[in-house]
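Below you'll find the structure, written out as structure tokens, and then a few comments.
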Amino acid sequence: MLEVLVTGGAGFIGSNFVHYALATHPDWRVTTLDKLTYAGRLENLQDVLDDPRHSFVRGDIADAAVAGRLVERSDVVVHFAAETHVDRSIQGAADFIQTDVVGTYVLLEAARRAPHLQRFIQISTDEVYGSVLQGSSRETDELKPRNPYAASKAGADRLAYSFWATHGVPVCIARPSNNYGPYQFPEKVIPLFITNALDNLPLPLYGDGLHVRDWLHVLDDCRALDLIIESGVNGEVYNIGGGNEVKNLDLTRRILDLTERPASLIAPVRDRPGHDRRYSLDTTKLRALGWEPQIAFADGLRETVQWYRANEWWWRPIKQSNAEFQSYYTAQYGERLRPS
Ligand code: NAD
Ligand code: DAU
């Protein structure tokens, strides 16, 4: 059996990856390490909590004792755990530096001592390249992160690389573009706009709405990560991009079409400070390993809307009775959405 440690496995991509891994690899035993922050939801893993090939540990990646115990017995570490929301990093960056940088450092120190570790997958992000007005980012491009979240991820990305270059830790770095799909926390634009539309609430579109994101279905991301575990080269970086560059305004219109709601729900609001205009990834390197996205954006978005329609039990308690979310929402949107 291959011992696979998934950090952040109760979050959006992590929980999709845990499900994918257990379904795809009968010879993997998966341990999820997750602190269960506001974004970590045990219900994301409810159907695998009793699986004999899966165990769940609640803990902090920055806790050297827990990280050491779990990393040292692992063959593969897939490190998703992070603070992930750009708007929250603008409200305050301390948790981002603590988890994304210091937490990653603690895991890497543990990885140095792990006797049979074959792979440490550092989940980075396309945001490390900064705003890309023309062309597409290649893995060798300069990193120019422009918000505190992206900067903390760039720090972790280069720290992981340094532990390969200096200490020989078997690190591969993945830089995915914007993921979408089931179990995404409703602070991110797609689930926020779907669930607001279903409730006939305004969709707060930042600035002129012409910012571009490259959408990647979470299952295509999981397949790419699996391939990197299998065939990646240590010390290398792999972009994972969906090839679906969409302006936010067009995305919003599609969501309104799919939810059968009127354009009058679009609420242009004050922009995000330092809002990156566009991300775009060159995925030649990953495609050479044999990966290509399988889920067309139109299908993936329709199915995602359908998932949120069918799973109100999952998001409604977060949006309607979770005090932490409500306080975040008020801080982020209260003034933006107030009629002038
Ligand atoms: P998420 O916010 O949904 O989940 C993050 C998970 O990490 C949560 O379960 C949370 O409880 C856990 N966590 C946070 N701090 C922790 C700590 N100190 N110790 C242990 N667990 C902790 O995030 P996501 O969207 O699933 O993103 C996963 C990873 O992928 C992150 O590293 C993120 O930077 C990266 N990424 C995300 C996207 C995207 O579009 N969502 C794109 C590119 C890269
Ligand atoms: O690109 C990868 C990154 O994608 C990941 O590394 C991050 O973890 C993930 O959160 C995501 O970051 P973004 O900032 O791109 O995602 P978000 O869903 O917050 O915003 C997507 C776009 O939508 C962005 O241009 C801002 C805009 N937006 C977002 C929100 C929440 C709005 O117009 N209104 C909103 O209310």
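Order of appearance sets the numbers: ligands from 1, and atoms from 1 within every ligand. For reference, positions follow the sequence shown, starting with 1. Every value quoted in this text rests on a predicted model; they were computed, and no experiment measured them.
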Task: Top protein contact for atom 6 (O) of ligand 2, by heavy-atom distance - done: Tyr149 OH, 2.5 Å
Task: Per-atom contacts, ligand 2 versus Leu205 - under 4.0 Å to a heavy atom - done: 33 (O)
TODO: Run the numbers for me: atoms of ligand 2, each under 4.0 Å from some heavy atom of His85, listed by number.
DONE: 19 (O)
- [ ] Run the numbers for me: atoms of ligand 2, each under 4.0 Å from some heavy atom of Tyr279, listed by number.
- [x] 1 (O)
- [ ] Check ligand 2 against Tyr333 and write out every atom of the ligand that is under 4.0 Å from a heavy-atom position of the residue.
- [x] 30 (C), 31 (C), 35 (C), 36 (O)
TODO: State, yes or no, whether a side-chain contact exists between Trp28 and Ile229 at a heavy-atom distance under 4.5 Å.
DONE: yes
Task: Closest protein heavy atom to atom 30 (O) of ligand 1, given as residue, atom name and distance to 0.1 Å - done: Ile123 CG2, 3.3 Å
Task: Shortest protein contact, atom 19 (O) of ligand 2 (heavy atom only) - done: Arg272 NH2, 2.9 Å
Open item on the list: Heavy atoms only, cut-off 4.0 Å: how does Gln332 contact ligand 2, side chain, backbone, both, or neither?
Closed with: neither
Open item on the list: Suppose we call two aromatic rings close when their centres sit under 6.0 Å apart. Are Phe325 and Tyr38 close by that rule?
Closed with: no
Open item on the list: Considering Tyr149, Phe80, Tyr279 one by one, which has a heavy atom nearer to atom 34 (O) of ligand 1 than any of the others?
Closed with: Tyr149
- [ ] Measure Val86 to ligand 2 on non-hydrogen atoms and call it side chain, backbone, both or neither using the 4.0 Å cut-off.
- [x] side chain
Task: ligand 1-proximal atoms of Arg175, by part, heavy-atom distance under 4.0 Å - done: neither
Open item on the list: Under 4.0 Å from a heavy atom of Lys188: which atoms of ligand 2 are those, numbered in the order shown and with their elements?
Closed with: 10 (O), 18 (O)
Open item on the list: Need the ligand 2 atom indices (1-based, order shown) with element for anything under 4.0 Å from a heavy-atom of Leu192.
Closed with: 36 (O)
- [ ] Look at atom 9 (O) of ligand 1 and say which protein heavy atom is nearest, naming residue and atom and giving the distance to 0.1 Å.
- [x] Asp34 OD2, 2.6 Å
Open item on the list: Among all the protein's non-hydrogen atoms, which is closest to atom 1 (P) of ligand 1, and how far away is it?
Closed with: Thr84 OG1, 3.7 Å
Task: Residue portion contacting ligand 1 (non-hydrogen atoms closer than 4.0 Å) for Leu36 - done: backbone
Open item on the list: With heavy-atom distances below 4.0 Å as the criterion, list the atoms of ligand 2 near Phe193.
Closed with: 34 (N), 36 (O)
Open item on the list: When you measure from the heavy atoms of Ser177 to every atom of ligand 1, does any distance fall below 4.0 Å?
Closed with: yes
Task: Heavy-atom proximity to atom 26 (C) of ligand 2, best of His275, Glu127, His211 - done: His275
Open item on the list: Any atom of ligand 2 sitting under 4.0 Å from a heavy atom of Lys153?
Closed with: no
Task: Any donor-acceptor pair under 3.5 Å from Asn244 side chain to Asp214 backbone - done: no
Task: The single option from Asn44, Asp47, Leu219 passing side-chain contact (heavy atoms from CB on, under 4.5 Å) against His19 - done: Asp47
Open item on the list: Out of Asn44, Thr37, Thr7, who is nearest to atom 10 (C) of ligand 1 when you count heavy atoms only?
Closed with: Thr37
Open item on the list: Quick check on contacts: which atoms of ligand 2 are under 4.0 angstrom from a heavy atom of Arg213?
Closed with: 15 (O), 24 (C), 25 (O)
Task: Shortest protein contact, atom 26 (O) of ligand 1 (heavy atom only) - done: Ile13 N, 2.7 Å
- [ ] List the atom of Glu72, the atom of His116, and the distance in Å for their closest heavy-atom pair.
- [x] O-NE2, 4.2 Å
Task: Nearest-contact summary for atom 21 (N) of ligand 1 - protein heavy atom, Å - done: Lys35 N, 3.0 Å
Task: Whether Ser15 lies under 4.0 Å from ligand 1, heavy atom - done: no
TODO: Using a 4.0 Å heavy-atom threshold (strictly under), name the region of Asp126 that reaches ligand 2: side chain, backbone, both or neither.
DONE: side chain
Open item on the list: If you take the centroid of each ring, where Trp contributes its six-membered ring, are Tyr180 and His217 closer together than 6.0 Å?
Closed with: yes
TODO: Taking the six-membered ring for Trp and the full ring for Phe, Tyr or His, determine whether the centres of Trp307 and Tyr183 are under 6.0 Å apart.
DONE: yes
Open item on the list: Which label fits Tyr333 and Tyr328: parallel for a plane angle under 30°, tilted from 30 to 60°, or perpendicular past 60°?
Closed with: perpendicular
Task: Sidechain N-carboxylate O distance under 4.0 Å for Asp199, Lys319 - done: no
Open item on the list: Run Asp299 and Arg302 through salt bridge (charged side-chain N to carboxylate O under 4.0 Å, His left out) and show every step you take.
Closed with: CA-CA 5 Å; Asp299 297 338; Arg302 194 180 56 249; 3.4 Å; yes
Task: Atoms in ligand 1 flagged as close to Gly8, the criterion being non-hydrogen separation under 4.0 Å - done: 6 (C), 7 (O), 9 (O), 12 (C)
Open item on the list: Give me the residue, atom name and distance of the protein heavy atom closest to atom 3 (O) of ligand 1.
Closed with: Phe12 N, 3.0 Å
Task: Residue and atom name of the nearest protein heavy atom (relative to atom 5 (C) of ligand 1), distance in Å to one decimal - done: Ala82 O, 3.5 Å
Task: Closest protein heavy atom (residue, atom, distance) for atom 44 (C) of ligand 1 - done: Ser124 O, 3.1 Å
